[in-house]
Amino acid sequence: MLSAPDALDEDAVPERELVVHRRDELDRLRKTLSPPTPSDLTYLIGPTGTGKTMLSKLVVDILERKHNIRTVYINCWEHYERTAILYQAVSGLCDAAIQRGSTGRSELIDYLNDDPPQPQILILDEADQLADKRVLYDLHEAPVNVVLIANNEDDLFADIDDRVRSRLAVGQRIECGAYSTRELAEILEQRAAHALPSRRYTPQHLDWIADHADGDARVAIRTLRVANEQRDGNLDRPTIDEALPQARSELRQKSLHQLNDHQRAAYDVIADVDDTPLTTTEVAERYQKRVDNPRTTRQVRTYLRKLHQYNLLERHGTSNYRWSLIE
DNA sequence: ACTCCACTGGAACTCAAGGGTA
DNA sequence: TACCCTTGAGTTCCAGTGGAGT
């Protein structure tokens, strides 16, 4: 049994005392947003599993409790179209009766530009996934403090014209680098102490998990949870060895659940091939044989790019791509 | 160095769906 | 209930790019 199951949930916002090795970033973010400044931008940049989302949610949690601040969190995997982002922002920040689908973009922008009765913070997680980056400019013009979370600043600023880019370039940057093995082990130690107080594990077990998680706290925490479930807390090396691939597989499954049937079929085409990467044309042809009412090759190209962005596929080459699964 | 051609991704377009309104 | 508006998914078209062949 877990005494504090959230401590082993990689998506849950932890208590402040569970935040280790991100204290500086936490304090900087809190200072930056206390109070939130209208039209200010804050960037949280770092690889997957380095605590960016956790930091932003934790700070917002603290600020909401202590101050009269209105906040909205938007995950750009779920909502990536320009209008969808504006709709989510207006729904969360404005007391306006708006209807999805029948409120135009300009009207949504007008709502956002109204003087707010209280300070506002808008968090865009996975902001490099936005389909139309012009929404960043829409939001920057509004009286709201925007926090942009992304893996990499180059991707975030890709396909933005120079004029908009220079206006967005201002703002506080907080970098979250990949965790070292030592740091990850200490994070696990904290989590395990909360969730598994009977301590049926050793520091060596946590080191072993940390060493194999490639700096990704999500993988490390999920591995600890899987291993614990398998042996009900009695960790040993063989259990951890089994738990690691299972944890990675479970995280991958979470991403796969977000795909539609056609995207999934394209993914399965590549998954069915052992080791040999397929060209885009090969994927499209096999996919089109596999499904009823197949989409066009052009659409398959869009799917593959999306799967690549989801970190489900590896793309080989610079012009004529070949595709394989990420192991 | 040149040409050819497959591949890529942006832009413009169509279409179906969903909600508002008269 | 018919019409209008908006959106998002998908298609078509096409200019740019880079690899392969000569």
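Below, chain A is the first sequence line, B the second, and so on; all start at residue 1. Every heavy atom of this structure was used, including side-chain atoms; hydrogens, water molecules and symmetry mates were not.
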All N/O donor-acceptor pairs, side-chain side in residues 168-175 of chain A, below 3.5 Å, sequence neighbours left out:
{"unit_1": "A:Gln172", "atom_1": "OE1", "unit_2": "A:Arg28", "atom_2": "NH2", "d": "3.2"}
{"unit_1": "A:Arg173", "atom_1": "NE", "unit_2": "A:Glu153", "atom_2": "OE1", "d": "3.3"}
{"unit_1": "A:Arg173", "atom_1": "NE", "unit_2": "A:Glu153", "atom_2": "OE2", "d": "2.8"}
{"unit_1": "A:Arg173", "atom_1": "NH1", "unit_2": "A:Ala169", "atom_2": "O", "d": "3.1"}
{"unit_1": "A:Arg173", "atom_1": "NH1", "unit_2": "A:Gly171", "atom_2": "O", "d": "3.0"}
{"unit_1": "A:Arg173", "atom_1": "NH2", "unit_2": "A:Glu153", "atom_2": "OE2", "d": "2.9"}
{"unit_1": "A:Arg173", "atom_1": "NH2", "unit_2": "A:Ala169", "atom_2": "O", "d": "2.9"}

Here the distance between atom P of B:dT8 and atom CD of A:Gln299, to the nearest Å, is 15 Å
Is A:Tyr303 near enough to C:dA9 that one of its side-chain N or O atoms lies under 4.0 angstrom from OP1 or OP2?
no
For A:His316 and C:dG19, what is the distance between atoms NE2 and P respectively, to the nearest whole Å?
16 Å
Atom pair distance, as rounded to whole Å: CD in A:Gln88 and P in C:dG8:
11 Å
Answer with yes or no whether A:Arg301 presents, from its side chain, a donor or acceptor under 3.5 Å of a partner atom in the base of B:dG9.
yes
Taking CG from A:Leu304 and P from B:dT8, how many angstroms apart are they, rounded to a whole number?
9 Å
Base B:dG10 paired with A:Arg298 side chain (donor-acceptor, <3.5 Å):
yes
Can you confirm whether more than 12 heavy atoms, excluding those of A:Asp261, are under 6.0 Å from its CG atom?
no
Run the ring pair (Phe, Tyr, Trp, His ring centres under 6.0 Å) test against A:His212 and tell me which residues pass, sequence neighbours left out.
A:Trp208
To the nearest Å, give me how far apart CZ (A:Arg322) and C1' (B:dT8) are.
16 Å
When the distance from NZ of A:Lys306 to P of C:dG8 is rounded to whole Å, what number comes out?
12 Å
At 4.0 Å (heavy atoms only), tell me whether A:Arg315 reaches a base, stays on the sugar-phosphate, or touches nothing.
sugar-phosphate
Ignoring backbone atoms, test whether A:Tyr321 places a side-chain nitrogen or oxygen under 4.0 Å from the OP1 or OP2 oxygen of B:dG9.
yes
Just how far, in rounded Å, is P of C:dG8 from CG of A:Asn260?
15 Å
I want to check one thing: is the phosphate of C:dT11, taken as OP1 and OP2, less than 4.0 Å away from some side-chain N or O of A:Thr296?
yes
Using a strict threshold of under 4.0 Å (side-chain N to carboxylate O), is an ion pair present between A:Glu285 and A:Lys289?
no
Please tell me which of the listed nucleotides, B:dC7, C:dT11, B:dT8, lies nearest to the side chain of A:Asn320?
B:dC7
Picking from B:dT8, C:dG10, B:dC7, the nucleotide nearest the side-chain atoms of A:Thr281 would be B:dC7
Below 30° counts as parallel, above 60° as perpendicular, anything between as tilted: where do the rings of A:Trp323 and A:His308 land?
perpendicular
How many whole angstroms separate atom NE2 of A:His308 from atom C1' of B:dC7?
16 Å
